[in-house]
Enquirer: 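Here you go, one structure.
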Amino acid sequence: MTRPLRARPGCVVALVLAAGALVWAGISFSRYDPPPAYDPATTQEVLDTAAGYTAAGCEASGIPDLTPDQKTDRRAQIERAARVQVAVSACLPAVDGGCDEALLSCTIPVGDERITMGVDHGSCRDLITSRSCEYRFERRARLLSQQRLHHEFWVFAAEQRADGAALRCDTIPGGADLFPLDDSPGLGAGYRSTPYRCYTREPKSVTDVYEVRLYEGGLPVFQDERGS
């Protein structure tokens, strides 16, 4: 009669220990949280409630309309138009600033930067209650503000937000930065590189990193650094 095989006590202990190790490894892996690919001290969380922008877009809501007297004043018209253009570009409710004596350029501070635009003048015609003047602004640099960066990334990363990802962007020292109008080599027509990055991070997941580029007019666009 054949005797049944019995496991040796040492083998049983080894099997139990091995099974426990596998279970512990599985638990540890499920709890593993990859380190973020950003420094919390040099980045900011991107929120939809940040001052200066809404989900609908950026508006110069804090710049008052011209008074009846100002509507016949060429300087008042141009200075207000310059402030509105920069406020919308920077995603701020209002900005200050003005134009030189000859109305050939206007300078508007944003954060620690000062954006200057040339003024190309056309003709004026008097209406019943106002004076209409033709002019256009010529920017001399591309502006990137913290508020505009946050607004555009909030819109860009809508799908990641829906999956529960947190959004962050690098902090722009002083709140704004200026870049040349010329394009960066290798990026294609209209694009300028910047040193800034934005990030999406889902819970217990790797961080997706996006290079911030500026398109013509200063619009931020985002390029996944993985190349996708």
Side-chain angles (χ1 to χ4, degrees), residues 33-62 83 85-97 107-116 139-184 187 190-228:
D33 191 10
Y38 53 79
D39 182 355
T42 60
T43 59
Q44 298 180 16
E45 186 176 4
V46 178
L47 302 171
D48 63 338
T49 56
Y53 67 86
T54 67
C58 303
E59 299 178 355
S61 58
R83 291 171 61 197
Q85 187 172 121
V86 174
V88 171
S89 177
C91 237
L92 292 167
V95 292
D96 294 319
T107 301
I108 311 294
V110 177
D112 289 346
E113 298 289 353
R114 296 169 65 86
I115 182 75
T116 298
R139 295 207 174 196
R140 297 174 180 174
R142 302 187 198 198
L143 170 70
L144 177 63
S145 72
Q146 191 80 61
Q147 290 84 352
R148 170 60 75 175
L149 177 60
H150 281 197
H151 172 67
E152 297 301 333
F153 194 61
W154 176 265
V155 175
F156 169 83
E159 184 175 340
Q160 293 91 327
R161 285 192 287 109
D163 290 337
L167 312 184
R168 298 187 75 87
C169 286
D170 288 343
T171 297
I172 302 176
D177 206 348
L178 296 179
F179 297 87
L181 293 177
D182 59 317
D183 304 331
S184 294
L187 293 189
Y191 288 95
R192 155 62 54 179
S193 62
T194 80
Y196 302 109
R197 301 291 185 271
C198 288
Y199 315 87
T200 62
R201 179 177 169 83
E202 296 181 25
K204 297 182 181 179
S205 181
V206 297
T207 306
D208 289 329
V209 182
Y210 299 87
E211 176 192 358
V212 180
R213 299 175 179 178
L214 285 185
Y215 192 55
E216 294 175 344
L219 178 68
V221 294
F222 306 95
Q223 176 62 46
D224 191 332
E225 290 201 336
R226 297 173 302 180
S228 58

Enquirer: I need the Phe179 CZ to Thr194 OG1 distance, nearest 0.5 Å.
Expert: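 So the gap between those two atoms works out to 5.0 Å.
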Enquirer: Suppose we screen for side chain to side chain donor-acceptor pair (under 3.5 Å). Which residues come up paired with Arg142, at least two apart in sequence or across chains?
Expert: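 Checked Arg142 against side chain to side chain donor-acceptor pair (under 3.5 Å); matches are Asp183.
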Enquirer: According to side-chain contact (heavy atoms from CB on, under 4.5 Å), who are the partners of Gln160, at least two apart in sequence or on a separate chain?
Expert: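 If we apply the side-chain contact (heavy atoms from CB on, under 4.5 Å) test to Gln160, skipping adjacent residues, the hits are Ala157, Ala165, Thr200, Tyr210.
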Enquirer: Can you name the side-chain contact (heavy atoms from CB on, under 4.5 Å) partners of Thr171, sequence neighbours left out?
Expert: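 Thr171: side-chain contact (heavy atoms from CB on, under 4.5 Å) contacts with Gln44, Gln146.
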Enquirer: Could you list the residues that satisfy salt bridge (Lys or Arg N to Asp or Glu O under 4.0 Å) with Arg197, not counting sequence neighbours?
Expert: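 Listed in chain order: Glu225.
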Enquirer: Mind running side chain to side chain contact (heavy atoms under 4.5 Å, CB included) on Phe222 and Leu149 for me, showing each step along the way?
Expert: CA-CA 10 Å; Phe222 306 95; Leu149 177 60; 3.7 Å; yes
Enquirer: Can you name the nearest heavy-atom pair linking Ile108 to Val95, along with the distance?
Expert: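 Heavy atoms only, the tightest pair is CG2-CG2, 3.4 Å.
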Enquirer: Could you go through the side chain to side chain contact (heavy atoms under 4.5 Å, CB included) check for Arg161 and Val155 one step at a time?
Expert: CA-CA 10 Å; Arg161 285 192 287 109; Val155 175; 6.0 Å; no
Enquirer: Of all heavy-atom pairs between Ser145 and Ala90, which one has the smallest distance, and what is that distance?
Expert: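 Reported closest heavy-atom pair: OG-O, 2.6 Å.
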Enquirer: In chain order, what residues pass the salt bridge (Lys or Arg N to Asp or Glu O under 4.0 Å) check against Asp163, with sequence neighbours excluded?
Expert: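 For Asp163 there are no salt bridge (Lys or Arg N to Asp or Glu O under 4.0 Å) partners, ignoring immediate neighbours.
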Enquirer: Where the side chain of Arg148 meets the backbone of Val88, is there a donor-acceptor pair that is under 3.5 Å apart?
Expert: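 Yes.
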Enquirer: With rounding to the nearest 0.5 angstrom, report the CZ to CG distance, Arg83 to Asp96.
Expert: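 Here the rounded value is 5.5 Å.
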Enquirer: Apply side chain to side chain contact (heavy atoms under 4.5 Å, CB included) to residues Cys198 and Val212 and explain how you reach the verdict.
Expert: CA-CA 7 Å; Cys198 288; Val212 180; 4.0 Å; yes
Enquirer: List in chain and number order the residues that pass side-chain contact (heavy atoms from CB on, under 4.5 Å) with Ala141, two or more places apart in sequence or in another chain; answer none if no residue qualifies.
Expert: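 Expected list: Ile115, Leu178.
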Enquirer: Quick check on side-chain contact (heavy atoms from CB on, under 4.5 Å): which of Arg201, Glu202, Arg168 does Thr207 satisfy it with?
Expert: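 The passing option is Arg201.
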Enquirer: Under the rule for side-chain contact (heavy atoms from CB on, under 4.5 Å), what residues qualify as partners of Pro173, not counting sequence neighbours?
Expert: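 Expected list: Tyr196.
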Enquirer: How would you list, by chain and number, every residue that makes a salt bridge (Lys or Arg N to Asp or Glu O under 4.0 Å) with Glu211, sequence neighbours excluded?
Expert: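 Scan of Glu211 (salt bridge (Lys or Arg N to Asp or Glu O under 4.0 Å), adjacent residues dropped) gives Arg213.
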Enquirer: List the steps, then state whether side chain to side chain contact (heavy atoms under 4.5 Å, CB included) holds for Val110 with Leu92.
Expert: CA-CA 9 Å; Val110 177; Leu92 292 167; 4.1 Å; yes
Enquirer: Does Ser61 have any side chain to side chain donor-acceptor pair (under 3.5 Å) partners at least two apart in sequence or in another chain, and if so, which?
Expert: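 Residues passing side chain to side chain donor-acceptor pair (under 3.5 Å) with Ser61: none at all.
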Enquirer: Minimum heavy-atom separation for Leu214 and Leu144, please, with both atom names.
Expert: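 That closest heavy-atom pairing would be CD2-CD1, 3.8 Å.
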Enquirer: How far apart are the closest heavy atoms of Gln147 and Cys91, and which atoms are they?
Expert: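 Between these two residues, the closest heavy atoms are CB-O, 3.5 Å.
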Enquirer: State which residues pass side chain to side chain donor-acceptor pair (under 3.5 Å) with Glu113; sequence neighbours excluded, sorted by chain then number.
Expert: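 By the side chain to side chain donor-acceptor pair (under 3.5 Å) rule, Glu113 matches no residue at all.
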Enquirer: To the nearest 0.5 Å, what is the distance between SG on Cys169 and CD1 on Ile172?
Expert: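 It is 8.5 Å, given to the nearest 0.5 Å.
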Enquirer: Given side chains that start at C-beta, do those of Ser89 and Arg139 come closer than 4.5 Å, heavy atoms only?
Expert: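 Yes - at least one pair of side-chain heavy atoms lies under 4.5 Å apart.
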Enquirer: Looking at Pro109 and Thr107, what are the two nearest heavy atoms and their distance?
Expert: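 Closest approach of Pro109 to Thr107, heavy atoms only: CD-O, 4.0 Å.
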Enquirer: Could you tell me which residues satisfy ring pair (Phe, Tyr, Trp, His ring centres under 6.0 Å) with Tyr199, sequence neighbours excluded, listed by chain and number?
Expert: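 Testing Tyr199 for ring pair (Phe, Tyr, Trp, His ring centres under 6.0 Å), a comparison that skips the adjacent residues, returns Tyr38.
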Enquirer: Residues two or more places apart in sequence or in another chain: which of them pass side chain to side chain donor-acceptor pair (under 3.5 Å) with Asp182?
Expert: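 Here the qualifying residues are Arg192.
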